[in-house]
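I have placed the structure first, in the form of structure tokens, so that the comments after it can refer back to it.
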Amino acid sequence: MRVSRLLLVTLRDDPAEAEIPSHKLLLRGGYIRRISSGIYAYLPLLWRVLQKISTIVRQEMDATGALETLLPQLQPADLWERSGRWAGYTAGEGIMFHLTDRQGRELGLGPTHEEVITALAADLLRSYRQLPVNLYQIQTKFRDEIRPRFGLMRGREFIMKDAYSFHADEDCLRQTYAAMDGAYRRIFQRCGLRAVAVEADSGAIGGSASQEFMVTAEAGEDLILTSADGRYAANQERAVSRPSVALPLAAAPRAGGVGDRLSTPGQTTIEQLCSAHGFDPSQLVKVLLLLARFADGQFQPLLISLRGDQQLNDVKLANAVSARLSGAHGALLSIDPLTADLVRSERLPLDLSEIPFGYLGPDLADQTLAPDPSHRSDTAGVAPPTTPAVQLTRSFLRLSDATAAELEAFVCGANAADHHRVGASWAGLGLQPESLDLRAAQSGDRCLHDPDQCLQAARGIEVGHIFQLGRKYSEAMEARFTNESGVDEPLWMGCYGIGVSRLAQAAVEQHHDADGICWPVAIAPFAVIVVIANTQEAIQVELAESLYAELTAAGLDVLLDDRTERAGVKFKDADLIGIPWRVVVGRGAAAAQVELVRRAGREKLELAASDVRATLEAEIGREIAGATLVA
RNA sequence: CGGGGCGUGGCGCAGCUUGGUAGCGCGGGUGCUUUGGGAGCACUAGGUCGCAGGUUCGAAUCCUGUCGCCCCGACCA
């Protein structure tokens, strides 16, 4: 391809809309253009990158025996109603674009394909003899993201490889999951990315085990925690660690007591309490008052106890709450602090004026949630307005993190303004807390697998995620097969995603310098750019043309910069768009000498034009092989 | 949705406080010179100042509304 024909439009200044390096460089290099928020045109250069990534993905997926397919993006609502996800994905904060067709049928634009594939599996799969099977596709996904961000990093329309496997039993699912783990490692390796596999929360997709693949980069949206020995890595949402040892309370209290009352006026925070009375935060139990909302309209107040020096992990909390109540009330929609503002905006029949915020203890009585009498008289005898009746549970769901539950004696609020209790115990308060893990693991915490190892924090861009779904969808959608004994049972499922367009940008985020992109050769739009330093010199043009023809004939992806620009312009553009190898045909052309420059390291080599092809083939071959073999 | 910021030729910005000729750099076109790290000179095209109201003799500038975009939070490949 000739640069003069490439529609190469590069920008000298950083566009105002871009914040992070990869986004700026993709815009400046003429790789993408924004059409609307979170919606991008992939220009010819980027399309070549995406095709190269897709090819690698295909090769590795095919090598595991997976079958490529292509599923519809327009999906009927009833499929999603059968899985129980239509409401959650379309209402409120739901991310599915949806529409009504001319017949009044509801359709959604596919954000993911569990429903479609499971319906297909129910149709096609009948016998254990057909199993296992793994179907994948590479296509555009649509998600009405709450906040699109950073160009291709979080778009409302993006390219994804998604795969879905079906199995006769859980053991077989585990094998395919492991095979996908291997394939993913090879894919990212071959794309030239430094990626780490981390334990993950399975989120809205559901299911049991799941693992994310993170490209480490400052601009990453996720926080990951890893141990230096490489044996543990997890998303912070999921990460576990050893809490520090709590300091015992100095004045040993009576065993099983409720503690001594302590006057603490105005001391509503952990810091104030500790500095006023010399407590250590680990001697305190802090109590959070929250409100969970469910798909069926039910509200459930939560009373969460944590040791004073620990932070709540809201993903762990959401999982714990879902596990207890989603069976009865459907999906957990949100958990928010229970405040006067929330009561007002949700029109809850609650009066929080008696709740002593800042002085809560784990034994706060359910009666504090009694309905507000004034509210009752307001609405007595009046037909309720258009809003449906609020369903509110009038007792707390009480959950305690293990660090709090294990304290023998602690300081906590007295459930009365301006007072705390010192030396309280769970038995004394009449509570028997379950020991849950609700706390956020943090950088510096000691690891479970080895107390000598500490967790380190890094930021990451999630480029892949693999799940063992189990039978969640096959049960909901009645995708069943006949097993060896002739008995019908639901299929076991796994699903496996790679954000292809996100991966392209993540590669830029990881491979760039002050002058532009430094693509790994495996996914670069072109491997080589031949630059004619001065197009007025016929001898340079002639040599460059013959090199271009030779390299192209050798099967390399070659760009010929034949523009009549000055050399400096062409060098700047070549650096910006990040072609891994540059061949400069300039002053040495008369002697058939050219210069070979590696983009990433700037190494230069003067060599005979006749040696260029062999040198490039060796260098590129070495890089590709290196990326393939290391595993 | 809550909080913060921005909309002025294709791109990056100034002008707005204190109302009165719409400007700068880059980019585009033509010509000449230059030709190994974003060249120089000359000429030239291109803007209803996001949109709609209002105030005013007069609005890019002041007021109101609205749309769009970006950043911080809940979501995720």
Side-chain angles (χ1 to χ4, degrees), chain A residues 9-20 23-24 27-28 30 33-39 57 88-89 92-96 111-113 138-163 184 200-205 212-215 221-222 235 237 314-315 318 333-336 341 345 460-467 495-506 515-516 531-537 540 564-576 582 584-589 594-595 597 602 604:
Chain A
V9 180
T10 56
L11 271 31
R12 193 182 289 226
D13 299 313
D14 284 335
E17 69 189 59
E19 198 78 10
I20 64 173
H23 189 194
K24 290 177 181 172
L27 284 164
R28 284 188 56 205
R33 279 292 144 104
R34 196 192 76 238
I35 300 302
S36 182
S37 179
I39 301 177
V57 169
Y89 266 72
E93 311 245 293
I95 57 161
M96 183 152 59
T112 177
H113 280 70
I138 298 175
Q139 73 166 187
T140 298
K141 293 283 187 276
F142 299 90
R143 293 186 187 173
D144 194 359
E145 291 286 346
I146 300 165
R147 184 152 89 86
R149 235 195 296 225
F150 301 147
L152 307 183
M153 219 56 117
R154 174 177 301 283
R156 295 196 292 166
E157 187 185 316
F158 61 96
I159 298 177
M160 178 171 168
K161 187 284 299 183
D162 48 330
Y184 274 39
D201 185 78
S202 38
I205 306 287
E212 290 166 337
F213 293 84
M214 297 283 189
V215 169
E221 293 187 89
D222 292 86
N235 193 309
E237 295 175 350
D314 29 5
V315 174
L333 298 183
S334 64
I335 296 180
D336 300 294
D341 279 352
S345 64
I461 301 164
E462 182 187 348
V463 290
H465 200 159
I466 59 177
F467 302 80
C495 80
Y496 319 93
I498 290 179
V500 172
S501 45
R502 179 185 279 181
L503 190 157
Q505 186 168 341
D515 294 316
V531 176
I532 308 172
N534 185 345
T535 50
Q536 306 210 311
E537 299 286 338
Q540 293 184 16
T564 54
E565 299 287 345
R566 293 160 61 95
V569 173
K570 293 192 263 199
F571 293 156
K572 287 286 187 190
D573 274 342
D575 286 351
L576 178 61
R582 186 175 82 206
V584 183
V585 182
R587 297 188 194 101
V594 299
E595 181 184 75
V597 186
R602 286 275 153 76
K604 291 186 184 176

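- For the pair A/Q505 (side chain) and A/F150 (backbone), a donor-acceptor distance under 3.5 Å is present.
- Across all strands shown, B/G37 forms no Watson-Crick or G-U wobble pair with both distances under 3.5 Å.
- Nucleotide B/G12: paired with B/C24 (Watson-Crick or G-U wobble, both distances less than 3.5 Å).
- For A/L11, taking side-chain heavy atoms from C-beta onward, the closest of the listed nucleotides B/C76, B/C11, B/G36 is B/C11.
- Protein atom CD1 of A/I35 is 12 Å distant from nucleotide atom P of B/C70, rounded to whole Å.
- In the set B/C70, B/A74, B/A77, B/A77 carries the atom at the smallest distance from any side-chain atom of A/E462.
- The same atom, C1', is picked in B/G36 and in B/C51; the two are 50 Å apart, to the nearest Å.
- Residue A/H465 places its side chain closer to B/A77 than to any other of B/C76, B/G12, B/A77.
- Of the candidates A/I498, A/V463, A/V57, A/Y184 forms a side chain to side chain contact (heavy atoms under 4.5 Å, CB included) with just one, namely A/I498.
- Note on A/G155: a base of the nucleic acid sits closer than 4.0 angstrom, heavy atoms only.
- Across all strands shown, A/R582 has heavy atoms under 4.0 Å from base atoms, whether or not it also approaches the sugar-phosphate.
- Evaluation of atom-type donor-acceptor distances gives a pair under 3.5 Å for the side chain of A/D222 against the base of B/C76.
- B/G29 and B/A45 have their P atoms separated by 15 Å, given to the nearest Å.
- Here the shortest heavy-atom pairing between A/R28 and A/P15 reads CG-CD, 3.8 Å.
- The P atoms of B/A52 and B/G5 are separated by 26 Å, rounded to the nearest whole Å.
- Residue A/S36 is classed as a sugar-phosphate contact, given heavy-atom separations below 4.0 Å to backbone atoms only.
- For A/H113 and B/C76, the NE2 to C1' distance is 16 Å, given to the nearest whole Å.
- Taking only side-chain nitrogens and oxygens, A/R149 comes nearer than 4.0 Å to OP1 or OP2 of B/C72.
- Atom name P, nucleotides B/A60 and B/G7: the rounded distance is 16 Å, in whole Å.
- Taking the 5.5 Å centre cut-off and the 30° plane limit, the aromatic side chain of A/F571 is not classed as stacked on B/G36.
- Nucleic acid contact class of A/V463 (heavy atoms, under 4.0 Å, all strands): sugar-phosphate only.
- Between A/G499 and A/G38, the residue whose closest nucleotide on RNA chain B is further toward the 5' end is A/G38.
- With A/F571 as the aromatic partner, A/R582 meets the cation-pi criteria of under 6.0 angstrom to the ring centre and within 45 degrees of the ring axis.
- When heavy atoms are screened at a 4.0 angstrom cut-off, A/R28 is found touching base atoms of the nucleic acid.
- Rounded to an integer number of Å, the gap from A/I95 CD1 to B/C1 P is 18 Å.
- Within the 4.0 angstrom heavy-atom criterion, base atoms lie near A/G586.
- Among the heavy atoms of the strands lying under 4.0 Å from A/E17 are primed sugar atoms or P, OP1, OP2 only; no base atom is included.
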Filtered N/O pairs between nucleotides 29-35 of chain B and protein, under 3.5 Å:
from, atom 1, to, atom 2, distance (Å)
B/U34, O2, A/R566, NH1, 2.7
B/U35, O2', A/N534, ND2, 2.5
B/U35, O4, A/Q536, OE1, 2.3
B/U35, O4, A/Q536, NE2, 2.9

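- Judged by Watson-Crick or G-U wobble contacts below 3.5 Å, the nucleotide B/G2 has B/C72 as its partner.
- If you find the closest nucleotide of RNA chain B to A/R34 and to A/A16, the one lying nearer the 5' end belongs to A/A16.
- Nucleic acid contact class of A/D14 (heavy atoms, under 4.0 Å, all strands): sugar-phosphate only.
- Taking only side-chain atoms of A/R147, from C-beta outward, the nucleotide of B/C75, B/G73, B/C69 with the closest atom is B/G73.
- The backbone N or O of A/A589 lies less than 3.5 Å from no partner atom in the side chain of A/Q540, so there is not a single donor-acceptor pair.
- Spacing of P atoms, B/C63 relative to B/G19, comes out at 12 Å, to the nearest Å.
- Across all strands, A/F150 comes closer than 4.0 Å only to sugar-phosphate atoms, never to a base (heavy-atom distances).
- Nucleotides B/C69 and B/C62 place their P atoms 24 Å apart, quoted to the nearest Å.
- Among the protein residues, A/D573 comes within range of the nucleic acid bases, having at least one heavy atom under 4.0 Å from a base atom.
- Regarding A/K570, its NZ atom lies at a distance of 12 Å from the P atom of B/A39, rounded to whole Å.
- Taking the P atoms as reference points, B/G53 lies 41 Å from B/C43, given to the whole Å.
- Between B/G36, B/A77, B/G38, one nucleotide has an atom nearer to the side chain of A/E595 than all others, and that is B/G36.
- With rounding to whole Å, A/D201 atom CG is found 11 Å from B/A77 atom P.
- Rounded to whole Å, the distance from NZ on A/K24 to P on B/C70 is 15 Å.
- Here the separation of B/U8 from B/G47, taken at their P atoms, is 15 Å to the nearest Å.
- A glycosidic torsion no more than 90° from 0 defines the syn conformation; B/U34 lies beyond that range and is anti.
- Under the side-chain contact (heavy atoms from CB on, under 4.5 Å) criterion, A/A163 pairs with A/M61, A/N134, A/Y136, A/K161, A/Y496, sequence neighbours left out.
- Put simply, NZ on A/K572 is 15 Å from P on B/G36, counting in whole angstrom units.
- Counting atom types as modelled, A/R154 pairs a side-chain N or O with a base atom of B/C76 as donor and acceptor under 3.5 Å.
- At a threshold of 4.0 angstrom between heavy atoms, the contacts of A/V9 with the nucleic acid are absent.
- As a whole-Å value, the separation of A/R602 CZ from B/G37 P is 13 Å.
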